[in-house]
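Report on one structure; see the data block that follows.
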Amino acid sequence: MSEKKIDLSKLVSAHLVGYDDFLSELKERIRTAQVKAALSVNQELIALYYDVGRRIVERQEEADWGDGVIDQISKDLKAAFPDAKGFSRRNLYDMRSFFLAYRGAQDFVQQPVAQIPWGHNLALMRKVEDPEERAWYAAQTVEHGWSRAVLIAQIETGLYGRQVTAAKTTNFSKTLPPPQSDLAQSVLKDPYVFGFLELAEDAKERDLERGLIERVREFLLELGAGFAFLGSQYHLEVAGQDYYVDLLFYHHRLRCLVAIDLKMDDFRPEYAGKMNFYLSALDDLVRHEQDGPSIGIVLCRGKNGAVAEYALRDMQKPIGVSEWRLTHALPGELQGVLPSAGELEQLISQRKGNDQ
């Protein structure tokens with residue numbers, strides 16, 4: 001007979017009351033320490049790169065050294081630190097640019113850019129010119145833990161302009177208390193870009209909804225941090241009649257339900273009235289007593305700002321109106337040159353026909 005090996009660790013843990021909880025807490029503590037250690041190392045590296053860039057710039061200004069000296073610095077540093085990476089000619093130029101980008105910053109090590117990885121900083125320097133915009137993206141990266149790929153995606157879809165500087169059509173300031181109204185306003189985007197979707201020209205609202213649900217991870221990323229998905233076609237029964245909210249979320253920072261109504265056409269005044277009804281029902285039937293007032297977002301293909309403002313002016317519930325797009329608008333010089341989605345579908349159909 002073959003003897004079975006006994007897992008002593010399981011045998012010990014089974015006889016110790018609370019051992020599993022203790023082990024779980026211990027693992028979490030170690031993970032937290034590892035993250036802090038990694039952040040500390042990263043901060044030291046970013047501070048070093050900033051200081052190297054500062055010294056190069058100051059010496060060039062004081063001694064009138066040309067850019068050719070950077071090649072020599074690179075060779076000498078590589079010789080002195082053969083196992084260290086990051087002292088290439090290109091990276092030294094980047095350090096120089098990094099210092100110039102944040103020159104004069106108060107207490108640099110406390111700035112968000114000092115807390116994000118070097119690759120993130122390179123992406124910010126190369127893709128964002130405005131200092132205020134760069135600082136905003138850096139702060140958002142720290143707050144939400146964006147990877148470099150996510151940061152680049154947010155920059156390329158113009159998140160700063162859509163979330164911070166865009167003129168947003170809402171009645172939040174009149175229907176929510178100041179702290180929550182400001183936060184709700186900052187959470188809303190206009191427009192929302194669903195570049196991950198492919199919709200036919202004759203797509204219906206259900207097609208849009210289905211596409212968003214199938215790509216819910218990308219959809220949540222576009223919505224922003226804090227959204228938790230509760231369901232699609234969320235059922236509400238009012239006076240024996242059935243009603244359905246297209247998409248329902250819970251926002252953890254706002255601590256409230258967020259209802260989204262999807263529209264394939266431009267905004268109409270009656271859409272605000274429908275959303276007002278949904279929010280009243282959600283507040284009475286679904287909202288927890290400790291939650292804030294439910295918020296509604298009407299997502300339309302387009303909108304007239306004046307019409308939307310009039311529609312929301314006397315509404316009692318907090319509602320925002322935003323546009324949605326599948327991609328960013330093409331640059332002016334490309335408009336009319338590239339084929340439309342319908343023309344592309346026609347070309348593909350013709351190609352398939354020719355191949356058969």
Side-chain angles (χ1 to χ4, degrees), residues 168-177 179-181 183-185 187-190 192 194 199 203-216 219-220 222-224 226-305 307-324:
K168 302 167 188 174
T169 309
T170 76
N171 63 356
F172 294 161
S173 62
K174 296 181 179 179
T175 56
L176 294 171
Q180 192 175 25
S181 64
L183 180 57
Q185 190 77 0
V187 164
L188 192 67
K189 300 176 185 176
D190 194 12
Y192 288 84
F194 302 146
L199 295 177
K204 308 297 183 185
E205 286 163 10
R206 281 296 181 88
D207 298 319
L208 174 60
E209 178 186 327
R210 188 180 302 112
L212 294 176
I213 299 307
E214 289 175 353
R215 304 291 294 274
V216 69
F219 183 34
L220 286 171
E222 174 59 14
L223 285 177
F227 283 89
F229 181 54
L230 299 184
S232 62
Q233 292 300 306
Y234 194 91
H235 178 238
L236 296 171
E237 184 177 341
V238 179
Q241 298 186 49
D242 296 321
Y243 299 91
Y244 299 89
V245 179
D246 284 346
L247 300 169
L248 187 64
F249 297 84
Y250 185 85
H251 197 281
H252 293 287
R253 291 182 64 196
L254 288 167
R255 296 194 177 279
C256 71
L257 296 168
V258 179
I260 294 182
D261 198 17
L262 301 172
K263 299 298 179 185
M264 293 297 293
D265 57 357
D266 290 352
F267 175 79
R268 300 177 186 177
E270 54 264 34
Y271 295 161
K274 181 182 178 182
M275 179 57 75
N276 196 73
F277 168 80
Y278 284 156
L279 296 178
S280 294
L282 286 169
D283 282 342
D284 285 350
L285 304 175
V286 183
R287 180 175 71 98
H288 189 276
E289 60 182 8
Q290 294 180 350
D291 289 339
S294 301
I295 291 174
I297 301 175
V298 183
L299 274 181
C300 302
R301 196 91 188 229
K303 69 175 180 180
N304 180 295
V307 172
E309 288 175 12
Y310 276 124
L312 299 181
R313 179 175 294 180
D314 296 318
M315 287 290 169
Q316 301 301 309
K317 298 295 183 180
I319 301 172
V321 179
S322 289
E323 298 179 9
W324 63 266

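Along the sequence shown, residues carry numbers from 1. Values below: all heavy atoms of this structure, side chains included; hydrogens, waters and symmetry mates excluded. All figures in this text were calculated on a predicted structure; none of them were measured in a lab.
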Is a salt bridge present between Asp207 and Lys204, judged by a nitrogen-to-oxygen distance below 4.0 Å?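 The answer is no: the pair does not qualify as a salt bridge.
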
[X] versus [Y]: any side-chain heavy-atom pair under 4.5 Å?
X: Ile319; Y: Thr175; result: no
X: Met264; Y: Trp324; result: yes
X: Ile260; Y: Leu223; result: yes
X: Lys263; Y: Arg268; result: no
X: Val286; Y: Tyr234; result: yes

With sequence neighbours left out, what residues match [X] under side chain to side chain contact (heavy atoms under 4.5 Å, CB included)?
X: Pro177; result: Pro179, Gln180
X: Ser322; result: Leu188, Asp190, Tyr192, Leu299
X: Asp284; result: none

Pairing residues for Asp266 by the side-chain hydrogen bond (donor to acceptor under 3.5 Å, both in side chains) criterion, not counting sequence neighbours: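 Checked Asp266 against side-chain hydrogen bond (donor to acceptor under 3.5 Å, both in side chains); zero matches.
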
Contacts of Glu214 that satisfy side-chain hydrogen bond (donor to acceptor under 3.5 Å, both in side chains) - sequence neighbours left out: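 Glu214 satisfies side-chain hydrogen bond (donor to acceptor under 3.5 Å, both in side chains) with no residue once adjacent residues are dropped.
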
Give the minimum heavy-atom separation between [X] and [Y], together with the two atoms involved.
X: Pro318; Y: Asn171; value: CA-OD1, 3.3 Å
X: Gly292; Y: Arg287; value: O-CD, 3.1 Å
X: Thr170; Y: Gly320; value: CG2-CA, 3.8 Å
X: Cys300; Y: Asp265; value: CB-O, 3.4 Å

Sequence neighbours left out, what pairs pass salt bridge (Lys or Arg N to Asp or Glu O under 4.0 Å) with at least one residue falling in residues 229-251?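 Sorted result for residues 229-251: empty, none.
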
Residue pairs passing the ring-ring contact (aromatic ring centres under 6.0 Å, His included) test where at least one lies in residues 260-299, sequence neighbours excluded: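 Found Tyr243-Phe277.
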
Qualifying residues under salt bridge (Lys or Arg N to Asp or Glu O under 4.0 Å), relative to Arg301, sequence neighbours excluded: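 So Arg301 forms no salt bridge (Lys or Arg N to Asp or Glu O under 4.0 Å) with any residue.
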
Among residues at least two apart in sequence or on other chains, which ones pass salt bridge (Lys or Arg N to Asp or Glu O under 4.0 Å) with Lys168?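 For Lys168, no residue satisfies salt bridge (Lys or Arg N to Asp or Glu O under 4.0 Å) once neighbours in sequence are set aside.
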
Name each donor-acceptor pair under 3.5 Å that joins a side chain in residues 247-257 to protein atoms two or more places apart or in another chain, with its distance.
| unit_1 | atom_1 | unit_2 | atom_2 | d |
| --- | --- | --- | --- | --- |
| Tyr250 | OH | Asp291 | OD1 | 2.8 |
| His251 | ND1 | Arg253 | N | 3.3 |
| His251 | ND1 | Leu254 | N | 3.1 |
| His251 | NE2 | Ala225 | O | 3.3 |
| Arg253 | NH1 | Glu143 | OE2 | 3.2 |

Could you pull out every donor-acceptor pair under 3.5 Å between side chains of residues 308-317 and any protein atom, sequence neighbours left out?
| unit_1 | atom_1 | unit_2 | atom_2 | d |
| --- | --- | --- | --- | --- |
| Gln316 | NE2 | Asp314 | O | 3.2 |
| Lys317 | NZ | Asp283 | OD2 | 3.0 |

First locate atom CG of Leu262, then atom CZ of Arg206, and finally report the distance between them rounded to the nearest 0.5 Å.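 If we round to the nearest 0.5 Å, Leu262:CG and Arg206:CZ are 10.5 Å apart.
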
side-chain contact (heavy atoms from CB on, under 4.5 Å) between Leu176 and Ile295, intermediate numbers included: CA-CA 9 Å; Leu176 294 171; Ile295 291 174; 3.9 Å; yes

